[in-house]
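Read the numbers this way: they start at 1 and go in the same order the structure lists the ligands and their atoms. Every value quoted in this text rests on a predicted model; they were computed, and no experiment measured them.
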Amino acid sequence: MSRTIIVSNRLPTKVQRTGQGLTFQPSEGGLATGLGSIYRADDNVWVGWPGMFVDDPNEQQQVTERLQADSMAPVFLTESEIHDYYEGFSNGTLWPTFHYFSEYALYEQAHWEAYVAANKKFCRAVLELAGPDDTIWVHDYQLLLLPEMIRRERPKATIGFFLHIPFPSYELVRVLPWGAKLLEGMLGADLIGFHTFGYQRHFISAVSHMLGYPNQSGQIDTPSRPVLIDAFPMGIDYQHYAETANSEAVAQHVLAYREALREGRIILSIDRLDYTKGIAQRLRAFEGLLERYPEWRGQVSLLMVVVPSRDQVAQYQSLKEEIDELVGRLNAQYSTISWTPIHYFYRSFPFEELVALYRLADIALVTPVRDGMNLVAKEYIACRNDERGVLILSERAGAAQELSDALLINPTDTNHLVDALNEALLMPEEEQATRMSHLRALVKQYDVFAWTKLFMDRLAYSKIKQHIYTTD
Ligand code: G6P
């Protein structure tokens, strides 16, 4: 029987070491939470890193057995791979470059070499598992070289690739000393998917400028094979969020939170700690609201969840300090005995509590300066069975291409953001309901299952097209 082998740097389960030994928790981030619902179907298996350095052979065995029972196959990274491939090239070079923060990007030959070696390691893990009829679906910027590495060993394999972050303008790609090699790596796939048409266009333009391969109607003709390029905006497991939002457990949490927060209105902000998410800008906008519209003081609080992420990378450490300082200063300046302007949590929340926060929030404030898609926006919508609440969304998140009934803002324009906050707080319930019902219909229809089906159907079509091409 043929199955799908999903490959990504991070598995949907992460291992952590506690006083009680090794524990297994759900991973953070859009890729892991988004795909978490689909990989268990059929006989699929997910290959990836369990998120922690494990070198003791007995512990590796324990982790492997535990993950295998849940259809995962771990790839263990050494300490130097974590440093040079994961924190170095993936998150110190590619992540900032692809999000238009090229001033943060490092260009280290040693990091590049570690990236090549780590992609080879993932390649070996895939080849060990994949049968000739299996479909291999590679995900994200940590594994850009992998499609071509697999292709070299298995010329006939069916390989899909999906990028979960933006693909930037050619002008940024050309700055990377290894840009052409990265493009060749991706072109090992039969189908390359992006969240938006804009990212797709940037990729085609980079390939045409840097490799000179011709393209027509979403197809690039490499010297050996045609490769299809398309946009597939990722969805979420809508039903899972909507059902959980209706559950008794969530109702209990909402009640408890409501009691603690009394009558106050809630603006919700949830992200991984990342400079692309615009967290500091958001805090400044909240300050602007309290300054420009003082009538909201004492009436509205910002509930801000920041999930720890990549804390060994320098920019993430300094961002954490900046946020801590801003929150401290704003709370010290505006708090009263009965009102706390910002409730700040530096941790992740269990699923049902997270859904309760979505249910509680009058406003979801999703204002990244760059974001491939942003699934938090879609999760908020899926939880609003009551058709209340306002989504304020950055026009620079991929999700803005679809969610046009949100209040769309430019995250750098603090004044605009302050006005959007005021407008959202004043929005009549009928308008909230109209916007929310449109948004919900969209998120429901294009859920993660529809997304997977579209991608897989197109991948199967790419093979048919190639067959015609080679027998022409
Ligand atoms: C983004 C990336 C994912 C990544 C996630 C969490 O969503 O697209 O590939 O897994 O962030 O980041 P981390 O570095 O913790 O895996």
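- For a threshold of 3.5 Å applied to N or O pairs, the pair formed by Arg10 and ligand 1 contains at least one separation below that value.
- The residue from Asp140, Asn374, Leu31, Leu143 that puts a heavy atom closest to atom 2 (C) of ligand 1 is Asp140.
- There is a side-chain donor-acceptor pair under 3.5 Å between Tyr316 and Arg310.
- Here the protein heavy atom with the shortest distance to atom 11 (O) of ligand 1 is Arg310 NH2, 3.2 Å.
- For the residue pair Tyr107 and Ser102, the shortest heavy atom distance occurs at OH-O, 4.1 Å.
- The N/O atoms of Tyr141, backbone and side chain alike, include none that comes under 3.5 Å of an N/O atom in ligand 1.
- Judged purely by distance below 3.5 Å, without hydrogens or angles, the side chains of Gln466 and Asp190 pair a donor atom with an acceptor atom.
- Annotation: cation-pi geometry satisfied between Lys320 and Tyr346 (NZ/CZ under 6.0 angstrom from ring centroid, within 45° of ring axis).
- Where the criterion is an N or O separation shorter than 3.5 Å, residue side chain and backbone included, Gln142 meets it with respect to ligand 1.
- Contacts with ligand 1 closer than 4.0 Å are made by side-chain heavy atoms of Ile165 only, the backbone lying farther away.
- The line from CD1 of Ile220 to CG of Asn215 is 6.0 Å long, rounded to the nearest 0.5 Å.
- Between Asn9 and the choices Tyr141, Trp49, Tyr85, the side chain to side chain donor-acceptor pair (under 3.5 Å) rule is met once, by Tyr85.
- Proximity of His139 to ligand 1 is not established, as no heavy-atom distance is less than 4.0 Å.
- Checked by distance only, ligand 1 and Glu28 stay at 3.5 Å or farther apart across all their nitrogen or oxygen atoms.
- In terms of N/O distances under 3.5 Å, ligand 1 is not approached by Asn9.
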